[in-house]
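Convention: sequence-line order gives letters A, B, ...; per-chain numbering from 1.
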Protein chains: 2
Amino acid sequence: MQELTIRQKQIIDISINIISERGIRNLTMKNLSSELGISEPAIYRHFESKQKILIAVLDSFKHQNKLINENIQNNGETSFQNLISVIEMIIKKLNNNPAMSAVIFSEETFQNQSELSGMVMNIMNSTIGFFTNIIGRGQKDGSIRSDIGKDELSVIVLGSVRHIVTVWRLSGFKVDLNKSGEKLIKSLEVMIAA
Amino acid sequence: MQELTIRQKQIIDISINIISERGIRNLTMKNLSSELGISEPAIYRHFESKQKILIAVLDSFKHQNKLINENIQNNGETSFQNLISVIEMIIKKLNNNPAMSAVIFSEETFQNQSELSGMVMNIMNSTIGFFTNIIGRGQKDGSIRSDIGKDELSVIVLGSVRHIVTVWRLSGFKVDLNKSGEKLIKSLEVMIAA
DNA sequence: CATTAGTTAGTTAATATACACTAACTTTTT
DNA sequence: AAAAAGTTAGTGTATATTAACTAACTAATG
């Protein structure tokens, strides 16, 4: 990650805003320029293409993900509690950043741009890998049930989290994600504990 | 559902094909016409707009859904077995019809076209309502665990199914959906049984 | 210190391409 | 002969991007 200029950061921020509020389809150079208050071509002084802007957006998400993953591992909980904290944190993060769900959970968007869809896959994979690791540890230390494989448990956990996030997104972010998140976490706790 | 002409059915079929193989973004009048072997304007002899074509596609999915739902309810299994059958059937159906996942799981696509996004929501809601019903019955007849609400169980079941379908779709339909479906079903069986 | 050269960030106008859709005419079917 | 289903040639709109130019600031040089 190179250092970004103020203007570049601003472009990324506004892009994320547009994606959150109006969807990735409306992230056009025209809309971007009008919200920035500069002309379309001026944007090209800061990013060489629209694709590079999207890459920068994904990079920022990736970076956020990384920070969370690092944060989590170092705070002396059991792996079971650890897992719950991670889920809570992910929901919190998405709640504060709707664009992230809009970008990462709408895969269709990037179907032809292999670099972009590769990045999305990458973020998804690192997330599920992260889940699988925690669950594996929990199975070893006896805090998470072992009669179901860690991969399947990861699918179930991540899948249901993704699902409530999607419903939230489809509702135009009107549904209370924190509330449905809490309910889900309670249920998952019961189902996953050893 | 009005009666459709042969040509209209063909247009719907080819649309579904294009969506499956190249994504909904590539469902353009140009691509459609070239695969149909007729000119673009000729298509307008059969559908008054592209939107009407998409509506017809969604209608066909809705119809398929309905057929499955009806089929399922009448075959003297316990509700638990019933649920498993439904999941199996959904995975089978999607496996044979990738376009359905491409359309139904890419809600973003229709965000501005309220009629279309309404139809997608409708299909999703009827699916989850269907799950919730079966699970509710299972909790009454004692074949499904009752310590977790039926709504939460539905979210977990549907969410994890959606998740493996998404991974399958992101892989370009290369991952073996039947296989990951089987694994998931086995795990869900263990977790959901009373 | 003043001039020269270069950089940065912006402008307006234009370009190429893709899209859904239409008008007017022709062929095919009944 | 009339209706249905097709054609070619075009429209208007949107999109990302480029071209040509400018104002304001910064660094280098005589």
Side-chain angles (χ1 to χ4, degrees), chain A residues 2-19 21-58 102-103 106 108-117 119, chain B residues 2-19 21-58 102-103 106 108-117 119:
Chain A
Q2 303 104 338
E3 304 125 30
L4 296 166
T5 64
I6 294 171
R7 194 54 122 183
Q8 283 176 321
K9 281 181 200 158
Q10 188 198 8
I11 291 171
I12 294 171
D13 278 356
I14 291 183
S15 296
I16 291 175
N17 253 335
I18 291 175
I19 293 170
E21 282 158 20
R22 292 188 275 159
I24 200 151
R25 285 194 134 195
N26 284 309
L27 182 65
T28 63
M29 298 306 276
K30 198 179 178 183
N31 289 339
L32 199 44
S33 77
S34 81
E35 297 219 8
L36 278 161
I38 60 176
S39 66
E40 297 176 50
I43 300 171
Y44 289 87
R45 294 284 172 210
H46 308 279
F47 284 99
E48 73 183 21
S49 67
K50 186 186 164 184
Q51 169 134 330
K52 297 277 180 184
I53 296 175
L54 280 167
I55 288 171
V57 167
L58 286 175
V103 174
S106 74
E108 168 88 22
T109 320
F110 302 130
Q111 55 152 180
N112 277 333
Q113 290 147 286
S114 58
E115 188 173 3
L116 293 176
S117 57
M119 286 184 80
Chain B
Q2 305 104 336
E3 304 125 31
L4 297 166
T5 64
I6 295 171
R7 194 54 120 186
Q8 284 176 320
K9 281 180 200 158
Q10 189 197 7
I11 291 172
I12 294 171
D13 277 356
I14 291 184
S15 295
I16 291 175
N17 254 335
I18 291 175
I19 293 170
E21 283 157 21
R22 294 188 273 157
I24 201 153
R25 290 193 131 191
N26 284 307
L27 182 66
T28 62
M29 298 307 277
K30 197 178 180 184
N31 289 339
L32 199 44
S33 78
S34 81
E35 296 218 11
L36 278 160
I38 61 176
S39 65
E40 296 178 50
I43 300 171
Y44 289 87
R45 298 278 175 210
H46 307 279
F47 284 98
E48 72 182 21
S49 67
K50 187 187 165 184
Q51 171 136 328
K52 297 277 180 184
I53 296 174
L54 281 167
I55 289 172
V57 167
L58 286 175
V103 174
S106 70
E108 169 90 20
T109 318
F110 302 131
Q111 57 151 179
N112 277 333
Q113 291 146 287
S114 59
E115 188 172 5
L116 292 177
S117 61
M119 286 185 81

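B:Lys52 pairs by the salt bridge (charged side-chain N to carboxylate O under 4.0 Å, His left out) definition with B:Glu48, not counting sequence neighbours. Partners of A:Thr28 according to the side-chain contact (heavy atoms from CB on, under 4.5 Å) rule, which considers only residues two or more places apart in sequence or in another chain, are A:Lys30, A:Asn31. By the side-chain contact (heavy atoms from CB on, under 4.5 Å) test, A:Gln10 is found to be paired with A:Arg7, A:Ile14, A:Leu36, residues two or more places apart in sequence or in another chain being considered. A search for side-chain contact (heavy atoms from CB on, under 4.5 Å) contacts involving B:Arg45 returns nothing, not counting sequence neighbours.
For the contact set between residues 36-45 of chain B and DNA chain D, defined by any heavy atom under 4.0 Å, the members are B:Ile38, B:Ser39, B:Pro41, B:Ala42, B:Arg45.
The side-chain contact (heavy atoms from CB on, under 4.5 Å) test with A:Ser15 singles out one residue from A:Ile53, A:Ile24, A:Leu54, and that residue is A:Ile53.
Nucleotide D:dA16 holds its C1' atom 16 Å from the NZ atom of A:Lys52, rounded to whole Å. One can place CZ of B:Arg7 at 16 Å from P of D:dA4, the figure rounded to the nearest angstrom. The interatomic distance linking B:Met29 (CE) with D:dG12 (C1') rounds to 16 Å, in whole Å.
Taking CZ from A:Phe47 and CD1 from A:Ile12, the interatomic distance works out to 4.0 Å, rounded to the nearest 0.5 Å. With rounding to the nearest 0.5 Å, the separation of CG in B:Leu32 from CD in B:Glu40 is 9.0 Å.
In summary, contact between chain A and DNA chain C, defined as any nucleotide atom under 4.0 Å from a heavy atom of the protein, begins and ends at C:dA9 to C:dA13 in the 5' to 3' direction.
Within the 4.0 angstrom heavy-atom criterion, only backbone atoms of the sugar-phosphate kind lie near A:Leu27; the bases stay farther away.
Contact check for A:Asn17 versus A:Glu21: side-chain heavy atoms found under the 4.5 Å cut-off.
In terms of phosphate contacts, B:His46 brings no side-chain nitrogen or oxygen within less than 4.0 Å of OP1 or OP2 of D:dA4.
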